[in-house]
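Notes for the one structure printed next.
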Amino acid sequence: MKLLSKSFVLAFAASVVSLSAVAQNWPEKNVNVVVPWPPGGPSDIAARPWAKELTQSLGKTFVIDNRAGGGGNIGTAAVVRSPADGHTLLITSSAPIVINPSVYKNMAFDPLKDLAPISNLLRVPLVLVANPSVPAKNLKELIAHIQSKKGSFSFASSGNGTPQHLTGELFNSVQKLEMVHVPYKGSAPAISDLLGGHIPVMFDSTIAIMPHIKSGKVKPIAITSAKRSPLLPDVPTFAELGIPQIESYAWYGLFAPAKTPKAVIDKINAETIKFMKSPEFAKVRAETGSDLLVDTPENFTKFVQAESTKWSKVAKDSGATVD
């Protein structure tokens, strides 16, 4: 075996030192954090306290930049086109990462290739809820009622291509139901029609639907998490009820442009984990029903890839589309 040349060894050592210095010096300037949704939305619940904490701990300003439009695609594309130096980041829900490529005909980017996953921040379960007028006290009775309607039973969602929509389609597929999807422009109008009795059921996140469950204006049927939520300890999971395929979350993650140095990715991840263990974020998790998600970039990448595979199949089987 040939010995490595001295110049090669020195060059390699210099590159290692250089990458270490890049991570050590990050952030060298203010960091732009793109949230591809309107201000005040669910992504902001994770993004704003995270930005506040890192601003205080790292001495540079982390600026939240809400760039809504295109189902999250516009803001996400802006991050993809940004320099891969750790000074432009993305905090978003799952839609533009693992759903949009399957429901939009023309995507300006490939999220699995053009973005580097850093950390999952929140993973919020969905709840299947019904208007009190629906004659079903549990999931078994609801399924029987839907089947009796033979294609005339509808379900609402916060929009085409959302986790709420595709979870409904997954439920349709697994149970061989024929529910008709009625998309709305956001959770608020969908919930309004659910409360008014214009729509019988919908899936929505604990963030959006909890106030209406607490008030008794809707009745929870089942929750999509792997285990029961502390927010709804009396509501069974789909797995408990014999349908383990219905495990679904509205999750919110942190990403950087692809080719961002791994040392920088690892530093951002480490700072994020510190924040996620803080008392302030514990309050956020408690309010949203999210578990503590302390993970590596590598494991989060595997999770994103698995989610992409799962939802692309649901989208294809259901024919879901936005364009």
Side-chain angles (χ1 to χ4, degrees), residues 37-38 41-42 68-73 93-96 98-100 102-105 124-136 138-139 141-213 215-224 238 243 245-246 248-250 310-323:
W37 306 101
N73 286 343
S93 66
S94 58
V98 300
I99 295 178
N100 288 5
S102 298
V103 298
Y104 282 83
K105 293 179 181 177
V124 180
L126 308 183
V127 187
L128 173 59
V129 292
N131 181 277
S133 66
V134 175
N138 53 51
L139 185 62
E141 292 180 0
L142 178 62
I143 290 173
H145 178 64
I146 295 171
Q147 290 172 332
S148 73
K149 293 297 181 179
K150 298 180 179 179
S152 64
F153 191 89
S154 57
F155 77 98
S157 83
S158 55
N160 280 319
T162 59
Q164 292 87 337
H165 169 205
L166 291 193
T167 300
E169 296 294 359
L170 179 61
F171 185 41
N172 252 347
S173 174
V174 170
Q175 292 301 118
K176 295 180 171 55
L177 304 174
E178 297 178 19
M179 294 190 298
V180 178
H181 176 228
V182 180
Y184 286 77
K185 293 183 178 180
S187 284
I191 291 173
S192 178
D193 270 8
L194 177 70
L195 298 179
H198 305 296
I199 286 288
V201 301
M202 70 179 294
F203 284 88
D204 213 341
S205 71
T206 49
I207 294 174
I209 205 66
M210 277 304 301
H212 308 289
I213 294 175
S215 70
K217 293 180 180 179
V218 300
K219 55 185 177 183
I221 302 297
I223 194 164
T224 64
F238 277 87
I243 313 176
Q245 302 96 318
I246 311 297
S248 175
Y249 303 89
K310 173 182 178 177
W311 294 118
S312 65
K313 183 178 187 305
V314 173
K316 181 179 179 180
D317 291 348
S318 67
T321 183
V322 173
D323 294 336

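Please read these numbers as outputs of a predicted model, since none were measured by experiment.
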Handout entry: Note, L128 side chain near F238 side chain (heavy atom, < 4.5 Å)
Key = yes
Exercise for the section: Heavy atoms only: give me the nearest T167-S248 pair and the separation to one decimal. Expected result: OG1-OG, 2.6 Å
Exercise for the section: Would you mind reporting whether V129 and D204 have side-chain heavy atoms less than 4.5 Å apart? Expected result: no
Completion exercise
Value for CG (L142) from CD (Q147), rounded to nearest 0.5 Å, stands at 10.0 Å
Practice task
Give, for atom OG1 of T224 and atom CD of Q245, the distance between the pair rounded to the nearest 0.5 Å.
Solution key: 13.5 Å
Exercise for the section: Assess whether atom NZ of K310 is packed by more than 12 heavy atoms of other residues, nucleotides or ligands within 6.0 Å. Expected result: yes
Handout entry: Where V103 and G161 come nearest, the two heavy atoms and their spacing
Key = CG2-CA, 4.2 Å
Practice task
Please examine the side chains of F203 and I209, heavy atoms only from C-beta on, and report whether any two atoms are closer than 4.5 Å.
Solution key: no
Exercise for the section: For N131 and P200, indicate whether the former's side chain and the latter's backbone hold a donor-acceptor pair under 3.5 Å. Expected result: no
Practice task
Would you please say whether a donor-acceptor pair under 3.5 Å links the side chains of S173 and D317?
Solution key: no
Practice task
Could you tell me the separation between the CG atom of N160 and the CD1 atom of I99, rounded to the nearest 0.5 Å?
Solution key: 11.5 Å
Exercise for the section: For the residue pair P163 and S94, establish whether any side-chain heavy-atom pair is separated by less than 4.5 Å. Expected result: yes
Practice task
Considering non-hydrogen atoms only, spot the tightest contact between H212 and L195 and give its length.
Solution key: ND1-CD1, 3.7 Å
Exercise for the section: Look only at the side chain of N73 and the backbone of N100, and say whether a donor-acceptor pair between them is shorter than 3.5 Å. Expected result: no
Handout entry: Contact list for residues 188-202, test side-chain hydrogen bond (donor to acceptor under 3.5 Å, both in side chains), sequence neighbours left out
Key = Y184-D193
Practice task
Measure from the side-chain N and O atoms of N172 to the backbone N and O of M179, and report whether any donor-acceptor pair falls under 3.5 Å.
Solution key: yes
Practice task
Answer yes if the side chains of H145 and E141 hold a donor-acceptor pair under 3.5 Å, and no otherwise.
Solution key: no
Problem - Beyond-backbone contact of L139 with I243, side-chain heavy atoms, under 4.5 angstrom - result: yes
Fill in the blank from the handout: S93 and W37 have their tightest heavy-atom pair at OG-CZ2, 3.3 Å
Practice task
Hey, could you give me the CD1/CD1 distance between I246 and I223, rounded to the nearest 0.5 Å?
Solution key: 13.5 Å
Problem - Considering all heavy atoms, the nearest A190-S157 contact - result: CB-O, 3.7 Å
Problem - Contact check, side chains of Q164 and M202, non-hydrogen atoms, under 4.5 Å - result: no
Handout entry: Approximate separation, where rounding is to 0.5 Å, of I199 CD1 and I191 CD1
Key = 12.5 Å
Handout entry: Where A130 and L194 come nearest, the two heavy atoms and their spacing
Key = C-CD1, 4.4 Å
Problem - Sub-6.0 Å ring centroid separation between F155 and F171 - result: no
Practice task
Could you tell me the separation between the CG atom of L166 and the NE2 atom of H181, rounded to the nearest 0.5 Å?
Solution key: 8.5 Å
